[in-house]
Amino acid sequence: MADDKKLTTRADDFSAWYNELVLRSELADYSPVKGSMVIRPNGYGIWERMQRALDDMFKETGHQNAYFPLLIPESFLKKEAQHVEGFAPECAVVTHGGGKELEEPLVIRPTSETIIYHMFAKWTQSYRDLPILMNQWANVVRWEMRTRLFLRTLEFLWQEGHTAHATHDEAEQETVRMLHVYRTFMEGWMAMPVITGLKSDGEKFAGALRTYSCEAMMQDNKALQAGTSHNLGQNFAKAFELQFQDEKGEMAFAWNTSWGVSTRMVGGLVMTHGDDNGLRTPPKLAPIEIVIVPIWKSDEQQAQLTAAALKLKEELTTWTGRGATDRLRVHVDLRDGMKPGAKYYEWELRGIPLRFELGPKDLEKQAVFAARRDTREKQSMAMDGLPAAAAALLERIQNDMFAAALARREANSVRGPITYDAFKALMEGNGGFVFAGWCGDAACEAKVKEDTKATIRVMPDAEFRSPVAPATCLCCGAPSKAEAVWARAY
RNA sequence: CGGGGCGUAGCUUAGCCCGGUAGAGCGCCUGCUUCGGGAGCAGGAGGUCGGAGGUUCAAAUCCUCUCGCCCCGACCA
């Protein structure tokens with residue numbers, strides 16, 4: 001059944017392709033509870049590398065990790081009017097504990113603003129206590145109607161940064177700083193280009209003054225909101241009496257920010273880089289960067305090549321050319337009873353960036369036969385100096401993957417004047433990002449969504465805007481107040 | 001919650017219309033031969049046919065109810 005072994009192609013059914021890829025590459029599996037999933041070692045390994053890179057960046061920008069409880073008093077959610085409106089419908093609520101009905105129901109956190117700012121209030125008296133720069137790695141629960149592996153599940157893993165500042169400007173700087181941390185991570189590690197910018201009021205976080213977002217384009221030309229950073233203003237500070245005495249001795253409310261990215265990014269990675277053979281993992285996030293597949297015929301050769309492969313792994317993993325702590329991550333596939341070809345397909349499905357085939361011929365030449373996962377190009381590489389050459393090749397793969405994703409996004413982005421009919425046709429067809437004007441009226445945004453399912457993903461930051469600003473609103477034709485990226489989204 | 005599809009071995013499924021011994025492929029176990037792009041042969045293990053009730057001499061198959069999952073829409077990181 002050769003066909004059984006092939007994935008549904010992206011062109012045939014993008015959605016089926018995605019699900020099959022996630023399941024078959026063992027990134028995740030469905031759990032017994034509808035809408036939630038198990039993240040398997042292959043997927044969790046990617047998440048762990050994401051966590052590590054981001055956590056380092058959070059620490060570098062002065063943040064500390066902490067942990068707040070899973071259960072939040074229901075009354076807390078209700079203290080901020082917009083927040084409760086936005087989140088109440090999707091909250092899971094605990095009504096019983098210890099066999100008794102609780103006096104006050106407890107909400108399983110859908111996000112932690114309320115409990116965190118409650119605690120911040122307790123810890124803050126003076127302007128000298130500010131800023132507070134905290135982050136937590138946690139799970140949250142949102143009772144979504146319609147779920148999808150990694151992209152939207154009842155429970156997901158994320159980080160949520162929460163900060164408190166003495167002034168609006170400082171909070172705004174923090175909001176933008178963390179947006180850029182996200183962008184650096186998504187482009188530099190995930191090799192996934194994003195467009196940063198401001199959300200419209202209709203799309204902003206429930207309770208925020210302003211929401212900034214990183215938007216990426218998936219291979220079906222739909223947008224994925226990959227990370228958000230919110231300037232919460234004083235909304236939560238007022239609701240939770242987060243006050244401090246300023247330098248003049250006057251009481252003032254603090255200014256908050258919150259920002260988060262989730263395991264959704266793993267889904268984004270799949271839909272950005274996956275191909276019809278499976279996953280392609282950018283080297284920086286690959287738990288295994290290089291897999292060595294020894295090839296043998298006789299028992300004698302098996303012993304010889306196993307030894308050679310292990311020796312090669314030793315050479316690669318002890319090399320410190322990338323720094324003492326950043327070693328090459330190498331796996332040797334010694335499984336017997338599985339032919340080399342079968343191993344190749346499996347490692348390709350799993351997205352390992354680089355494969356070294358090591359057979360008798362290679363050993364004789366003191367070389368390995370190397371295959372890139374991203375382009376599937378193959379070349380012989382000499383054993384001599386291999387660690388440095390491999391590291392350089394991995395870096396090239398990382399860069400090439402980003403360049404390819406960026407080129408694809410640009411090829412599917414439309415700028416310049418466009419009629420509403422042409423826009424509608426585009427959204428019905430190939431889709432893509434359309435850079436066009438917006439009059440600022442929520443009614444136009446709603447009409448576009450009604451007509452085409454497309455929304456304003458973001459009002460892009462300056463570097464992403466068109467050379468000539470759009471003059472008129474995509475929808476109503478009135479003078480444009482802001483350029484917007486219009487697209488269908490996940 | 002609307003529309004569609006599906007529950008049979010670990011996975012993919014045939015059988016159901018037209019009731020009568022539960023089959024196949026993959027995977028798994030054992031052995032031998034293989035091994036540079038998804039191995040071959042031989043032997044073997046593995047099943048409350050989603051659940052409950054009903055019709056019948058007899059139900060995977062027909063009827064009723066029920067549970068669950070996936071996909072497509074309305075809501076969302």
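A note on names: the letters A, B, ... follow the listed sequences, proteins ahead of strands, and every chain is numbered from 1.
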4.5 Å side-chain heavy-atom contact, Leu474(A) and Phe423(A):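 Sidechains of Phe423(A) and Leu474(A): in contact.
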For [X], which contact category applies under a 4.0 Å heavy-atom criterion: base, sugar-phosphate, or nothing?
X         : value
Lys343(A) : nothing
Gly359(A) : base
Glu348(A) : base
Tyr30(A)  : sugar-phosphate
Ser298(A) : nothing
Leu151(A) : base
Thr153(A) : base
Asp362(A) : base
Arg335(A) : nothing
Glu144(A) : base
Trp296(A) : base
Pro360(A) : base

Nearest-0.5 Å distance that lies between atom CE in Met57(A) and atom CD in Glu60(A):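 Rounded to the nearest 0.5 Å, the CE-CD separation comes out at 7.0 Å.
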Rounded distance (nearest 0.5 Å) linking atom CD of Glu428(A) with atom CG of Asn430(A):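 Rounded to the nearest 0.5 Å, the CD-CG separation comes out at 12.0 Å.
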Mutual orientation of the aromatic rings belonging to His63(A) and Trp259(A) [parallel < 30°, tilted 30-60°, perpendicular > 60°]: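 Rings of His63(A) and Trp259(A): perpendicular, over 60°.
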Aromatic ring pairing Trp17(A)/Phe14(A), orientation class (parallel under 30°, perpendicular over 60°, tilted between):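 Rings of Trp17(A) and Phe14(A): tilted, as their planes differ by 30° to 60°.
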Position toward the 5' end of RNA chain B (nearest nucleotide), Asn19(A) or Glu357(A):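 This one resolves to Glu357(A).
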Of Met145(A) and Glu346(A), the one whose closest RNA chain B nucleotide lies more 5':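 The residue whose closest nucleotide sits nearer the 5' end is Glu346(A).
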[atom1] atoms of [N] and [M], separation to the nearest Å:
N      : M      : atom1 : result
C18(B) : G51(B) : C1'   : 27 Å
C6(B)  : A42(B) : C1'   : 37 Å
C72(B) : U21(B) : P     : 40 Å
A14(B) : G5(B)  : P     : 15 Å
G23(B) : G47(B) : P     : 13 Å
U61(B) : G15(B) : C1'   : 9 Å
A74(B) : G37(B) : C1'   : 47 Å
G25(B) : G68(B) : C1'   : 26 Å

Under a 3.5 Å cut-off for both contacts, is [N] paired Watson-Crick or G-U wobble with anything, and if yes, with which nucleotide?
N      : value
U48(B) : none
U30(B) : A42(B)
C75(B) : none

If you compare every side-chain N and O of [X] against the phosphate oxygens of [N] (OP1, OP2), does one of them come in below 4.0 Å?
X         : N      : value
Arg146(A) : G73(B) : yes
Thr111(A) : A77(B) : no
Arg142(A) : A77(B) : no
Lys339(A) : G36(B) : yes

Intermediate values then yes/no, side chain to side chain contact (heavy atoms under 4.5 Å, CB included), Leu27(A) and Val270(A): CA-CA 10 Å; Leu27(A) 294 175; Val270(A) 172; 3.7 Å; yes
May I have the distance from [X] (atom [atom1]) to [N] (atom [atom2]), rounded to whole angstrom?
X         : N      : atom1 : atom2 : value
Asn277(A) : G38(B) : CG    : P     : 14 Å
Arg488(A) : G73(B) : CZ    : P     : 9 Å
Glu203(A) : C75(B) : CD    : P     : 10 Å
Arg148(A) : C71(B) : CZ    : P     : 7 Å
Leu149(A) : A77(B) : CG    : C1'   : 15 Å
Leu157(A) : A77(B) : CG    : C1'   : 12 Å
Asp336(A) : A39(B) : CG    : P     : 13 Å
Met338(A) : C26(B) : CE    : C1'   : 13 Å

Tyr345(A) over G38(B), stacked by centroid distance under 5.5 Å, angle under 30°: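 Ring-base stacking flag set for Tyr345(A) and G38(B).
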Ring-on-base stacking A77(B) with Trp158(A) (under 5.5 Å, under 30°):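 Not stacked by the 5.5 Å and 30° rule.
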SB check Arg373(A) Glu348(A) (cutoff 4.0 Å):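 The answer is no: the pair does not qualify as a salt bridge.
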Arg24(A)/Glu26(A) ion pair, N-O < 4.0 Å: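 The answer is no: the pair does not qualify as a salt bridge.
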Proximity to the side chain of Ser262(A) - top-ranked nucleotide from G36(B), A77(B), C72(B):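 Minimum distance to the Ser262(A) side chain belongs to A77(B).
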